[in-house]
> 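Attaching a single structure in structure tokens format; questions to follow.
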Amino acid sequence: MTVESTAGRKPRRTTAKRAGAKKPPAGAPDTAGQPELVQLLTPEGKRVEHPEYSIDLGPEELRGLYRDMVLTRRFDAEATALQRQGELGLWASLLGQEAAQIGSGRALRDDDYVFPTYREHGVAWCRGVDPTNLLGMFRGVNNGGWDPTGNNFHLYTIVIGSQALHATGYAMGVAKDGADSAVIAYFGDGASSQGDVAEAFTFSAVYNAPVVFFCQNNQWAISEPTEKQTRVPLYQRAQGYGFPGVRVDGNDVLACLAVTRSALERARRGEGPTLVEAFTYRMGAHTTSDDPTKYRRDEEREAWEAKDPILRLRAYLEAEGIADAAFLAALDQESEELGRHVREAIRLMPDPDTTAIFEHIYADGHALVDEERAQFAAYQASFAEEGN
Amino acid sequence: MTVESTAGRKPRRTTAKRAGAKKPPAGAPDTAGQPELVQLLTPEGKRVEHPEYSIDLGPEELRGLYRDMVLTRRFDAEATALQRQGELGLWASLLGQEAAQIGSGRALRDDDYVFPTYREHGVAWCRGVDPTNLLGMFRGVNNGGWDPTGNNFHLYTIVIGSQALHATGYAMGVAKDGADSAVIAYFGDGASSQGDVAEAFTFSAVYNAPVVFFCQNNQWAISEPTEKQTRVPLYQRAQGYGFPGVRVDGNDVLACLAVTRSALERARRGEGPTLVEAFTYRMGAHTTSDDPTKYRRDEEREAWEAKDPILRLRAYLEAEGIADAAFLAALDQESEELGRHVREAIRLMPDPDTTAIFEHIYADGHALVDEERAQFAAYQASFAEEGN
Amino acid sequence: MAAEKIMKLPIAKAINESLRKAMEDDAKVLVMGEDVGKLGGVFRVTDGLQKDFGEDRVIDTPLAESGIVGTAIGMALRGYRPVVEIQFDGFVFPAYDQIVTQLAKMHARALGKIKLPVVIRIPYGGGIGAVEHHSESPEALFAHVAGLKCVSPSNASDAYWMMQQAIRSDDPVIFFEPKRRYWDKGEVDTAAVPGPLHEAVTVREGTDLTLVAYGPMVKVCLEAAAAAAEEGKSLEVLDLRSMSPIDFDAVQRSVEKTGRLVVVHEAPVFLGTGSEIAARITERCFYHLEAPVLRVGGYHAPYPPARLEEEYLPGLDRVLDSVDRALAY
Amino acid sequence: MAAEKIMKLPIAKAINESLRKAMEDDAKVLVMGEDVGKLGGVFRVTDGLQKDFGEDRVIDTPLAESGIVGTAIGMALRGYRPVVEIQFDGFVFPAYDQIVTQLAKMHARALGKIKLPVVIRIPYGGGIGAVEHHSESPEALFAHVAGLKCVSPSNASDAYWMMQQAIRSDDPVIFFEPKRRYWDKGEVDTAAVPGPLHEAVTVREGTDLTLVAYGPMVKVCLEAAAAAAEEGKSLEVLDLRSMSPIDFDAVQRSVEKTGRLVVVHEAPVFLGTGSEIAARITERCFYHLEAPVLRVGGYHAPYPPARLEEEYLPGLDRVLDSVDRALAY
Ligand SMILES: Cc1ncc(C[n+]2csc(CCOP(=O)(O)OP(=O)(O)O)c2C)c(N)n1
Ligand SMILES: Cc1ncc(C[n+]2csc(CCOP(=O)(O)OP(=O)(O)O)c2C)c(N)n1
Ligand SMILES: [Mg+2]
Ligand SMILES: [Mg+2]
């Protein structure tokens with residue numbers, strides 16, 4: 001897995017051009033043999049129109065999206081490095097999925113609610129969660145630990161697919177409240193096979209729940225390619241449950257924003273769920289524990305480098321004169337600062353007190369926990385005594 | 001719940017005619033607002049053609065289907081009566097679903113394998129399972145008890161949806177063996193919501209397993225109408241998993257036979273799974289413990305009486321001169337004999353020996369079971385001693 | 001029922017009244033499950049609730065237990081207090097993953113920042129002549145899991161009050177309803193002040209031996225105590241009421257007095273709640289016990305077909321047999 | 001490896017060799033699970049098997065545990081002998097319904113007419129510094145259920161041979177693999193004649209107290225016994241190997257000799273397998289026990305984050321503390 005960040009790097013126009021040469025005319029989806037996907041920005045950074053989805057962003061917003069992606073990637077690279085240095089036990093990198101996450105994350109309103117998997121660092125960023133908060137569970141100091149209600153960003157969920165139901169239930173509650181906010185559930189291509197995700201589709205359809213299912217099809221579930229999960233494109237799954245599914249270019253931040261925004265609006269209007277399949281690619285290993293050389297060819301990854309979500313937006317911004325050297329330099333510096341912030345924070349992150357084992361198991365207490373906590377304290381104390 | 005059998009009754013032409021009068025022209029599906037369904041025999045007993053599914057049966061075969069349905073209904077009515085008399089603890093009637101079960105059941109080859117729910121008495125009949133075998137679990141003397149491998153008819157499965165996965169796994173095994181037989185999994189409209197059924201769709205599609213999913217949409221899951229399970233017709237579910245779904249008139253035995261046969265052939269050809277939705281109606285209560293007056297209007301049931309699967313085939317047979325008085329009289333008598341056979345068998349059905357509690361828990365034995373069995377025997381013996 | 005204070009109700013109806021009261025008191029309380037609406041549940045425990053509180057608060061769900069519990073978790077996160085019905089004990093397992101990995105752990109995962117006040121009602125246990133999966137006692141499979149609380153009432157008053165307390169609890173509570181006692185009537189005083197949810201109650205005092213039970217077996221133990229009394233044996237009967245946490249203090253107090261303990265439950269003995277009670281009480285009362293703690297319960301076997309359940313279930317004779325064996329030490 | 005007889009292998013590799021042998025011996029043996037193919041499993045236990053036996057026998061499945069176990073049941077009905085991998089302990093729960101209501105009960109449901117030779121491999125237990133759901137010990141939740149057998153090897157030789165036996169068994173076997181010992185090496189004699197799968201083995205003789213453990217805790221208990229020996233205490237260590245059935249005879253024999261018993265496992269103590277061992281051994285050895293059976297195990301808490309697991313897991317000190325307490329009676 002490549003950990004170096006491409007943030008701040010010059011877009012490799014040559015690669016992009018070479019890849020572009022093999023492609024169908026601009027505007028058409030660039031994945032041969034794959035179904036239509038919504039695209040607003042080609043891999044070369046050219047704006048294209050789509051009959052159903054449009055977007056009109058000002059320079060500030062466009063720069064904002066670029067900044068989000070760059071900083072997210074930087075944070076992610078920093079975390080990967082921290083894992084290498086032994087500061088984290090594990091890290092699940094989002095490298096390559098920045099557009100899917102920033103595009104969808106920036107489509108959300110503050111009062112919307114997010115149910116992530118364990119890889120939505122970019123969405124967390126959009127929600128205003130301090131990225132260092134995400135490191136706790138990977139460092140092994142907690143199992144999540146941020147306040148989900150603080151930023152309407154639920155804890156990472158590790159059991160694949162479970163959160164799709166939580167999102168659906170939450171959305172049912174939103175509807176009951178008569179609120180016009182929406183809920184978004186993230187999951188992967190692998191997760192699409194879990195019964196829980198199917199049941200979430202059923203419940204959300206039956207109750208017309210204001211939820212968007214955002215599937216990042218990064219084409220791999222650890223070592224298994226998507227063919228092991230489905231034989232048709234995943235977005236088509238929705239139709240059989242009675243709600244629309246749409247495939248979007250997951251490396252195109254504009255399209256991800258437009259499509260998610262539209263799905264969220266649909267939910268707000270009381271028209272029920274939508275499945276968005278963001279077709280993207282996991283550029284790195286599944287996690288830092290994984291070794292993708294065991295199961296996939298380097299060429300595949302290389303082909304996807306040409307579709308890098310950050311490079312393409314940068315090409316567009318530069319071509320349009322929206323990002324100048326000053327902006328890029330400032331962003332470089334902000335990146336560095338973020339990196340420093342993360343490194344410092346992790347080193348300051350204290351180990352939990354051992355008594356934390358017995359805390360927050362129950363809200364209203366539990367006699368057995370009290371008993372065990374007391375026994376544990378006495379046991380600990382016995383060493384202290386011996387030590388005296 | 002009406003328990004009287006309509007077998008041997010004259011078809012109520014007047015009802016059929018009245019109902020027919022309200023209907024679209026013959027050949028068109030008769031469920032207003034419902035999608036197209038495959039129909040080869042109208043509720044009035046008129047043969048119609050379908051562009052994709054055809055069937056050409058001789059008089060013997062047609063009479064056979066009629067006989068199967070009549071005897072199945074008779075058996076079912078007898079079982080309901082036996083429950084009333086306290087001979088059975090419970091009965092799950094198939095009243096109204098005879099065509100779906102006989103049509104699909106007669107499409108099977110001997111070497112095909114069936115995974116039923118708890119209501120497939122008609123399919124069991126087609127498989128050659130002695131119907132009295134089906135009574136054991138409802139009487140409470142066993143939890144199934146027939147040899148599934150004897151007739152390639154698996155035990156009834158009570159946990160909703162589980163068997164869809166067993167069928168898929170079995171079909172994966174068939175494919176591994178290079179055999180050209182197929183597997184059929186039955187389940188209800190309610191079951192379509194279970195994660196296990198969705199996972200069965202995924203596995204069967206990914207492995208291209210030779211399995212037919214036969215969903216009897218009888219429009220009710222106990223007290224819940226199908227709207228509580230889905231907002232689009234169930235057969236459409238398949239498409240999103242990458243295999244075909246088809247809705248068939250579940251009260252039309254010819255269409256059920258034709259559609260199931262075609263799906264089985266597809267499976268045999270190595271083209272993978274098919275979902276067949278047999279659109280039918282549960283004429284009776286969910287089980288003898290249920291009271292449908294709590295949740296559904298009589299009129300609904302009455303409307304469906306006009307679509308009775310047995311009456312319509314009889315109308316056709318009579319109109320075509322395929323069933324004469326002698327045949328019908330002989331069938332009447334066969335029905336009576338079946339009834340008697342069932343009544344006698346149930347009264348002869350012995351209670352299991354109490355030691356059966358400890359039998360067949362493990363194939364290779366288990367020390368704890370041995371210990372408990374011995375303790376139990378000693379405990380039982382202590383009463384005998386006291387009694388002496 | 002507002003004016004009335006003391007009513008004689010079957011357990012099923014007591015739960016129904018309790019749910020009604022909770023829904024009246026707190027608009028966030030929801031009831032959900034298969035067939036809980038128009039039908040009022042297969043045991044009519046939710047009878048009439050949808051009529052009075054509407055489809056928005058009494059929710060007929062799709063036939064998918066994982067979905068039911070998973071969406072209930074989501075609704076709890078949104079501030080609701082869902083009371084979920086699992087139709088029968090044997091059908092809780094499709095929801096087991098959501099219960100064990102999510103419902104039980106989410107509060108801890110969030111370091112206490114979110115609460116999951118979800119009640120899962122499970123009609124459990126045998127004795128009703130049902131087919132497979134309708135008569136099981138899976139409580140140990142939940143009690144073993146930290147983050148859950150497990151309770152089971154044995155009478156109408158407890159059914160009423162424990163349900164009130166379970167719904168008010170900010171922790172997930174698995175509420176095991178003794179289905180074969182649903183029709184047993186008892187007095188419910190809706191103006192009473194109930195004891196703590198997780199405290200055991202001495203339902204009969206005695207001096208020679210302690211019987212511990214909960215849910216459907218309390219009645220059997222009371223009958224056994226009455227029968228034993230005729231033979232001059234004085235048995236104390238404790239209604240445990242809570243299987244997580246277990247009120248070991250109460251059991252210990254009783255055993256310190258009687259010196260002998262027999263635990264009775266329908267669930268299989270092997271790794272049943274009785275194993276924990278035996279282990280822990282032996283540790284706590286090592287010098288008080290004059291006999292090993294004996295256990296009466298189900299066998300290491302699938303719940304048998306109905307015609308065998310009388311032999312499988314602990315009954316008066318089997319309890320008395322163990323009482324005799326314990327007294328013989 | 002045909003010629004070679006004695007090899008020094010890590011546990012993971014011993015299981016790998018055992019699977020390979022089983023697949024060579026019987027064409028009906030299949031391996032299936034998430035990432036078991038090209039990747040060879042996240043712990044490389046199935047490494048190289050797909051390469052040698054093909055995709056038809058080493059099957060990468062969709063990401064759905066219920067589907068994995070449910071289809072394995074179907075394949076077993078068709079005559080195959082699937083060996084299923086659950087990637088980590090905490091991910092077995094989506095399959096729990098299929099395991100408990102189908103896999104465990106189908107043989108009995110059919111009155112013995114069908115057999116389900118399915119092995120479910122679960123890398124279990126903590127100590128590897130992992131994130132949530134990767135370190136749990138759920139064995140009691142399976143051992144409580146009739147129809148399943150549960151085993152756990154503690155060393156490479158047992159890993160090899162017990163897997164052979166589990167695959168040959170006509171009953172479903174849940175095979176708990178002590179993941180933090182995967183890399184511990186031991187001798188495997190592929191020509192040996194193994195003892196019965198469900199028999200405990202005395203791995204160290206002693207006279208003062210019996211330590212019972214299985215899987216990852218056997219090593220800790222052996223270390224504790226060695227440490228205790230230095231203080232002049234003679235501990236006997238039993239490797240239980242099987243949690244269902246439990247070889248109570250072996251435990252009884254040892255306790256009749258030593259008079260004291262401490263049971264150690266990673267799983268929570270409350271309703272853990274130790275509770276059953278304590279209850280039953282107390283019953284069997286009431287007059288031999290000079291102290292109550294003590295238990296060392298996990299707390300009634302979700303498995304903690306990695307930085308706390310050392311405190312959560314039973315280690316040398318906690319075992320010795322309980323030994324001292326038991327000896328002090
Ligand atoms: C129920 C469950 N089974 C297995 C795992 C182990 N596991 C963790 S991530 C993963 C693959 C997930 O793939 P996908 O859903 O595509 O998400 P991605 O990691 O690609 O973002 C697996 C199998 C798990 N976490 N939960
Ligand atoms: C997992 C599970 N949950 C609940 C039940 C209780 N139950 C038995 S039948 C039934 C309704 C089934 O409806 P459907 O699938 O449409 O089949 P039908 O009875 O209509 O033939 C329910 C909820 C069950 N058997 N299994
Ligand atoms: Mg993926
Ligand atoms: Mg139905």
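In what follows, every heavy atom counts, from backbone to side chain, and hydrogens, waters and symmetry copies are set aside. Letters A, B, ... are given to chains in the order of the sequence lines, protein chains preceding strands, and every chain is numbered from 1.
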> Can you say whether B:F115 sits under 4.5 Å from chain D via the side chain, the backbone, both, or neither, judging by heavy atoms?
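Side chain only.
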> Atom CD in D:E199, atom OG1 in D:T202: separation rounded to 0.5 Å?
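Going from CD on D:E199 over to OG1 on D:T202, the span is 10.0 Å.
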> Taking heavy atoms only and a threshold strictly under 4.5 Å, list by residue number the residues of residues 356-371 of chain B that touch chain D; give 'none' if the list is empty.
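Listed by number, the contacting residues are B:H360, B:I361, B:Y362, B:A363, B:D364, B:G365, B:H366, B:A367, B:L368, B:E371.
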> Which atom pairs, donor and acceptor, lie under 3.5 Å between side-chain atoms of residues 27-36 of chain D and protein residues at least two apart or in another chain?
{"unit_1": "D:D35", "atom_1": "OD1", "unit_2": "A:S223", "atom_2": "N", "d": "2.9"}
{"unit_1": "D:D35", "atom_1": "OD1", "unit_2": "A:S223", "atom_2": "OG", "d": "2.7"}
{"unit_1": "D:D35", "atom_1": "OD2", "unit_2": "D:Q87", "atom_2": "NE2", "d": "2.8"}

> Should the pair D:R241 and D:Y214 be classed as cation-pi, given the thresholds of under 6.0 Å to the six-membered ring centre and 45° from the axis?
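Geometry flag: not set, cation outside 6.0 Å or 45°.
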> Heavy-atom cut-off 4.5 Å, strictly under: side chain, backbone, both or neither for D:S169 against chain B?
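Answer is both: backbone and side chain atoms of D:S169 are under 4.5 Å from chain B.
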> Could you name each residue pair satisfying salt bridge (charged side-chain N to carboxylate O under 4.0 Å, His left out) that touches residues 130-148 of chain B, not counting sequence neighbours?
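For residues 130-148 of chain B: B:E87-B:R139.
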> Measure the spacing between NE2 of D:H198 and CG of D:L240 and express it to the nearest 0.5 Å.
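Output value for this atom pair is 11.5 Å.
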> Between B:F243 and B:F201, does the ring centroid distance fall short of 6.0 Å?
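Ring-ring flag for B:F243/B:F201: true, centres closer than 6.0 Å.
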> What part of B:S162 gets within 4.5 angstrom of chain D, counting heavy atoms only: side chain, backbone, both, or neither?
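For B:S162, the contact with chain D is made by backbone and side chain together.
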> Does any backbone or side-chain atom of D:K149 lie under 4.5 Å from a heavy atom of chain B? Answer side chain, backbone, both or neither.
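The answer is both parts of D:K149.
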> For each of D:A108, D:P245, D:G70, tally heavy-atom pairs with chain B at distances under 4.5 Å, and name the one with the top tally.
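Most heavy-atom pairs under 4.5 Å with chain B: D:P245.
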> Between D:Q102 and D:R109, is there a side-chain donor-acceptor contact under 3.5 Å, judged purely by atom types and distance?
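Present: a donor and an acceptor within the cut-off.
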> Does B:D110 have more than 12 heavy atoms from other residues, nucleotides or ligands lying within 6.0 Å of its CG?
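Counting other residues, nucleotides and ligands, CG of B:D110 stays at 12 neighbours or fewer.
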> Ignoring hydrogens, what is the shortest heavy-atom contact between B:G122 and B:L94? Give both atom names and the distance.
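B:G122 and B:L94 have their closest heavy atoms at N-CD2, 3.7 Å.
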> Against chain B, label D:D97 side chain, backbone, both or neither, depending on which of its atoms sit under 4.5 Å from a heavy atom there.
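The side chain, not the backbone.
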> Who among D:L148, D:T101, D:D247 has the most heavy-atom pairs with chain B under 4.5 Å?
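Heavy-atom pairs under 4.5 Å are most numerous for D:L148.
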> Count the heavy atoms belonging to other residues, nucleotides or ligands that lie under 6.0 Å from NZ of D:K113, then report whether that count exceeds 12.
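Counting other residues, nucleotides and ligands, NZ of D:K113 exceeds 12 neighbours.
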> What part of D:S244 gets within 4.5 angstrom of chain B, counting heavy atoms only: side chain, backbone, both, or neither?
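Backbone plus side chain of D:S244, per the 4.5 Å heavy-atom cut-off to chain B.
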> Using modelled atom types and a 3.5 Å cut-off, is there a donor and acceptor pairing between side-chain atoms of D:D170 and backbone atoms of D:P117?
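No: the side chain of D:D170 does not pair with the backbone of D:P117.
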> Is the NZ atom of D:K257 crowded by more than 12 outside heavy atoms at less than 6.0 Å?
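Yes, NZ of D:K257 has more than 12 neighbouring heavy atoms, counting only those of other groups under 6.0 Å.
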> Could you check B:R266, B:R268, B:R109 and say which one makes a salt bridge (charged side-chain N to carboxylate O under 4.0 Å, His left out) with B:D180?
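Of the listed options, the one satisfying the test is B:R109.
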> Out of B:Y207, B:W146, B:Y113, which one racks up the most heavy-atom pairs below 4.5 Å with chain D?
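Greatest number of close heavy-atom pairs with chain D: B:Y207.
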> What part of B:T157 is in contact with chain D, defined as an atom under 4.5 angstrom from a non-hydrogen atom: side chain, backbone, both or neither?
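Interface part for B:T157: side chain.
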> Testing the 3.5 Å rule here: is there a donor-acceptor pair between the side chains of B:H166 and D:Q98?
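A donor-acceptor contact under 3.5 Å links the two side chains.
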> Answer yes or no: is there a donor N or O on one side and an acceptor on the other, between the side chain of B:Q163 and the main chain of B:Y186, under 3.5 Å?
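Checking the backbone N and O of B:Y186 against the side chain of B:Q163, a donor-acceptor pair under 3.5 Å is found.
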> Any side-chain donor paired with an acceptor under 3.5 Å for B:T117 and B:E120?
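On atom types as modelled, these side chains qualify, holding a pair under 3.5 Å.
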> So for D:I73, is it side chain, backbone, both, or neither that comes closer than 4.5 Å to the heavy atoms of chain B?
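For D:I73, the side chain is the part near chain B, not the backbone.
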> Does any heavy atom of chain B fall under 4.5 Å from the side chain of D:A64, the backbone, both, or neither of them?
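Both parts, backbone and side chain.
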> Between B:A179 and chain D, with a heavy-atom cut-off of 4.5 Å, which part of the residue counts as in contact: side chain, backbone, both or neither?
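The answer is the side chain of B:A179.
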> Counting heavy-atom pairs closer than 4.5 Å to chain B, which one of D:V69, D:D56, D:I246 comes out on top?
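Among the listed options, the one with the most contacts to chain B is D:D56.
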> Is any residue of residues 167-177 of chain B within less than 4.5 Å of chain D by heavy atoms, and which ones?
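So the qualifying residues are B:T168, B:G169, B:Y170, B:M172, B:G173, B:V174, B:K176, B:D177.
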